[in-house]
Structure formats: structure tokens, C-alpha cells
Amino acid sequence: MNIPMLDLSEQYLELKNDILKTLDEVMTSSRFILGDHVKKLEADVASLVNADFGVGVGNGSDALHISLQACGVTSGDEVITTPFTFFATAGAIVRAGATPVFVDIDPVTFNLDPLKVEGAITKRTKAIIPVHIYGQSADMDPIIEIAKKHHLYIIEDAAQAIGAKYKSKMIGELGHTACFSFFPTKNLGGYGDGGMVVTKDEDLAEKMKVIRVHGSKPKYYHHVLGYNSRLDEMQAAILNVKLPRLSEWNSLRREKASLYTELLEPLKEFISTPVEAEGNYHVFHQYTLRVKKRNELQQYLKDQGIATMIYYPVPLHLQPVFRDLGYQEGDFPEAEKASKEAISLPMFPELKPEQQQYVVEKISRFYNRA
Ligand SMILES: *Cc1c(COP(=O)(O)O)cnc(C)c1O
């Protein structure tokens, strides 16, 4: 049996007629940039997450960068975030001219540890970027409290967590802005790059809409330095077909996650399964274990036709490109440990129980338990 990390083909077959129809409409209309499909998706995503404004942008990385810029983050400023995330989180901070300040993670959820945030605040701190890693919300209440106390912006990196909840609030309504990615592999993925920022703040929304069109307002008059980063009309048209299905897909992911956890129960000695923190609605962008002998397990599964991924093998404070920040090994022991132990199993809404059984059978065999 060959089991990929993610298989988008079945979903496409199901949606094919609607997608081809909407793409045909876009091409027939000849309206390719910031048309009605982008407007509709902006309104619908904002409404889904209880925000008031959506700003469609080129990708999730730009969503972060544009958020930072709109919040006035600039050179000399510091932004607190987690070292255990995709590169783009910190990349956006540096692109905005600011300095990422990392704090360690909570080993249970892999998310920013709120207890460590306050100690990292200096006079230069402007914002905090909590990342809802793997589809589970960071512990937002204490983070919001700290941000209020120190007058900091919160920019949620929600690239992996569209549809997730924190204590009955939607991910996306908790920060000053929240950033989504529509990269094809995300829970709501387009057929190319795409992203969106949502906010309840009209002033921030307006700034971000100007930044994504070269800072142009009125047209051809530039008061701020923007660039070209718009959500493509064709991607928006596709995403409008997919968005109504998101909550169903997320609940299917949750079902797959429960089955994995149940099947893996006898392997507790070797494996820790994901923990959904109380009050969280995890949308399992990834189903990520902590395991013993991680790299050997990955190779073994690969030989059995099972794809797995390591998110993330190198925490950001140890990335060569960030050497000048001056961090060293040992600075964030939990993030470093996670980068050596984490492994993500195949996860997508169409994954079959037989496939999951096969995956777990092979994992059991690896640990000589079957
Ligand atoms: C995917 C991702 C991004 C970047 O999104 P792109 O659309 O690929 O630019 C940012 N942060 C996290 C945590 C992500 O997973």
C-alpha cells in the first residue's frame, strides 16, 4: 500500500464541475484582479471567523508581513514569537525590518508558552505573533492579557488553523489581525498561492488594502511603501467553491485524528499522541506525534510506502539565516526537543480507515509490538 501525506485528487473530482464552471466565468468576465470573487471570499472568511474585514493577499507570508507593516512595526522594533514554526513567521518579521525575539514552547501543545512571553518584553517590543501550530490554538487568554498590559499588537499566525476555536471563540477574532494561508496543502487550500488577513479594525483593514496595491491611494499617489500582493481572482473563485465545505472537512480531520489516537493507544511507551488542550477545537492541519527513534521510524515507514513529514527539523533560532540574532543551541530546549521528536502522519479528510490501520500496523511493527 502507498499512503501519501496528502492526496487532493479525490476532493478535486468531487468539486470538478463547480470549479471548472467558476473558472470559466472568471475568464469569460476578463476580470482577473480584485474582482467580485475576491470580495466575496473576503466577506465570507471574515464572517466565518467573526472578524469584520478580510483583505485577500498573495500568500500567508505576505499576510504576516502586511499585518506587521499596517501595525507600524518597523526597523528597531522587536516581535515576540515561537521558534517552532514554519520559517515564514519569523521571515515576515525580518522583512518588516524588525527583530524576532523567540520564546520557548509548551511541550504539550507545541505552541508558544505564555508563561515565557512576559520575560521577553523590552522597550522595543511592538507585537506578539502566536502561531496556532498544527491546527490548534495557542493559549490566547494569557497572551492577550500580556499584550493589553504592555500595549502590544497581537498578530495571529493562523495559516494552519482556519476553522479552529479557542474557548468558543474563532481563531481569527482574537488578535488585532489574523493571517491565513491558502497554500494548496492547508485546510482550505487553493490551486496555487493565496492568503488573507482578517481584522475587526477598520483602520488596519484600510491600511492593508493600500499596502497590497503598492501603497497606492488614490491610484498612482503613494504615501506608504507597499508592494504587489493580491489574492488572485481565480484562486478566490476556487476557494469560494471550497469554503462551504471547510467545516465538514475539519470535522473529518478530527475523526481521523481520533481514530489514529485510539489505534496508537497500545504504543504509549514509545509514542505520545496529540493533546487537544481544554477549550480548544483542534482542526488537525497535521496529526503530529512525539516518538522515540524518530528518524529510523520515518525511514522504516518510507520503505513500507508510508509518507510522513518532519515539521520542523530545525527550530528557527538555529537556522543559518538567523545566525546574526545570536541564539545558540540550548536556548529553547523544548523547541529543540520537539524538532528531534515530532513526526506527522498522513492526514487529509479523504484518508481511509484502512489506510490509517495500515500506518499504525507498520508503526507497531517498527517498535516490535505486532
Ligand atoms: C503555510 C504557513 C505560512 C505561510 O503561508 P504561505 O501561504 O505559504 O506563504 C506561515 N506560517 C505558517 C505557520 C504556515 O504553516
Side-chain angles (χ1 to χ4, degrees), residues 5-6 8 38 41 45 54-69 79-96 100 102 105 109-112 127-138 140 154-164 171-172 174-175 177-198 208 211-212 227-232 234-236 238-239 242 250 253 282-288 309-317 319 321-322 335 338-339 342 344 347-348:
M5 257 324 266
L6 168 72
L8 293 167
V38 170
L41 189 73
V45 170
V55 182
V57 297
N59 52 69
S61 308
D62 283 357
L64 291 161
H65 183 208
I66 290 173
S67 288
L68 287 161
Q69 243 185 305
V79 178
I80 294 171
T81 194
T82 162
F84 195 68
T85 175
F86 178 55
F87 171 79
T89 315
I93 298 170
V94 176
R95 282 201 292 150
F102 297 115
I105 57 168
T109 61
F110 300 95
N111 275 321
L112 198 59
I128 305 171
I129 306 186
V131 180
H132 309 304
I133 203 80
Y134 302 145
Q136 161 153 253
S137 176
M140 293 300 288
I154 295 179
I155 295 166
E156 295 178 70
D157 183 340
Q160 303 189 359
I162 191 163
I171 286 316
L174 298 155
T177 76
C179 301
F180 296 113
S181 164
F182 304 126
F183 187 78
T185 62
K186 302 287 157 101
N187 288 30
L188 180 65
Y191 292 165
D193 281 308
M196 192 178 291
V197 188
V198 296
M208 294 189 289
I211 293 168
R212 75 175 167 182
Y227 53 104
N228 179 355
S229 185
R230 299 172 289 236
L231 176 60
D232 187 86
M234 294 226 242
Q235 296 304 333
I238 292 165
L239 291 161
K242 289 185 157 201
N250 279 344
R253 285 173 181 270
H282 191 326
V283 294
F284 290 96
H285 173 59
Q286 299 298 340
Y287 183 86
T288 304
M309 289 291 280
I310 308 300
Y311 301 114
Y312 296 90
V314 182
L316 297 188
H317 67 288
Q319 291 290 353
V321 69
F322 293 142
S339 70
S344 301
M347 171 54 80
F348 48 97

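All values reported here derive from a predicted model rather than from experimental measurement. Residues take their numbers from the sequence shown, with the count starting at 1. Remember, it's 1-based here, ligands and their atoms both numbered in the order they're listed.
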*Asks:* Between F322 and F102, what is the ring plane arrangement, given parallel below 30°, perpendicular above 60°, and tilted in between?
*Replies:* tilted

*Asks:* Counting heavy atoms only, which of P184, G189, S181, G195 comes nearest to atom 7 (O) of ligand 1?
*Replies:* S181

*Asks:* Does the Q136 side chain pair with the main chain of F284, one donor and one acceptor, at a distance under 3.5 Å?
*Replies:* no

*Asks:* Using a strict 4.0 Å cut-off to heavy atoms of A88, name the atoms of ligand 1 that fall inside it.
*Replies:* 4 (C), 10 (C)

*Asks:* What residue and heavy atom of the protein are closest to atom 11 (N) of ligand 1, and at what distance?
*Replies:* D157 OD2, 2.8 Å

*Asks:* At under 4.0 Å between heavy atoms, which part of S61 makes contact with ligand 1: side chain, backbone, both or neither?
*Replies:* both

*Asks:* Give the atoms of ligand 1, by number and element, whose distance to some non-hydrogen atom of V131 is under 4.0 Å.
*Replies:* 13 (C)

*Asks:* Regarding D62 and R95, does a basic nitrogen lie under 4.0 Å from an acidic carboxylate oxygen?
*Replies:* yes

*Asks:* Please check: side-chain N/O of K242 versus main-chain N/O of G189, any donor-acceptor pairing under 3.5 Å?
*Replies:* yes

*Asks:* May I ask you to check if ligand 1 and G60 share an N or O to N or O distance below 3.5 Å?
*Replies:* yes

*Asks:* What heavy-atom pair brings I155 and C179 nearest, and what distance separates the two atoms?
*Replies:* CG2-SG, 3.9 Å

*Asks:* At the 4.0 Å heavy-atom cut-off, does K186 count as touching ligand 1?
*Replies:* yes

*Asks:* Hey, which atoms in ligand 1 end up nearer than 4.0 Å to a heavy atom of N59?
*Replies:* 7 (O), 9 (O)

*Asks:* With a cutoff of 4.0 Å, is D193 in contact with ligand 1, counting heavy atoms of the residue only?
*Replies:* no

*Asks:* For Q319 and V314, indicate whether the former's side chain and the latter's backbone hold a donor-acceptor pair under 3.5 Å.
*Replies:* yes

*Asks:* Do you know which two heavy atoms are closest between L112 and I129, and how far apart they sit?
*Replies:* CD2-O, 4.4 Å

*Asks:* Is ligand 1 under 4.0 Å from a heavy atom in the side chain of T85, in the backbone, in both, or in neither?
*Replies:* side chain

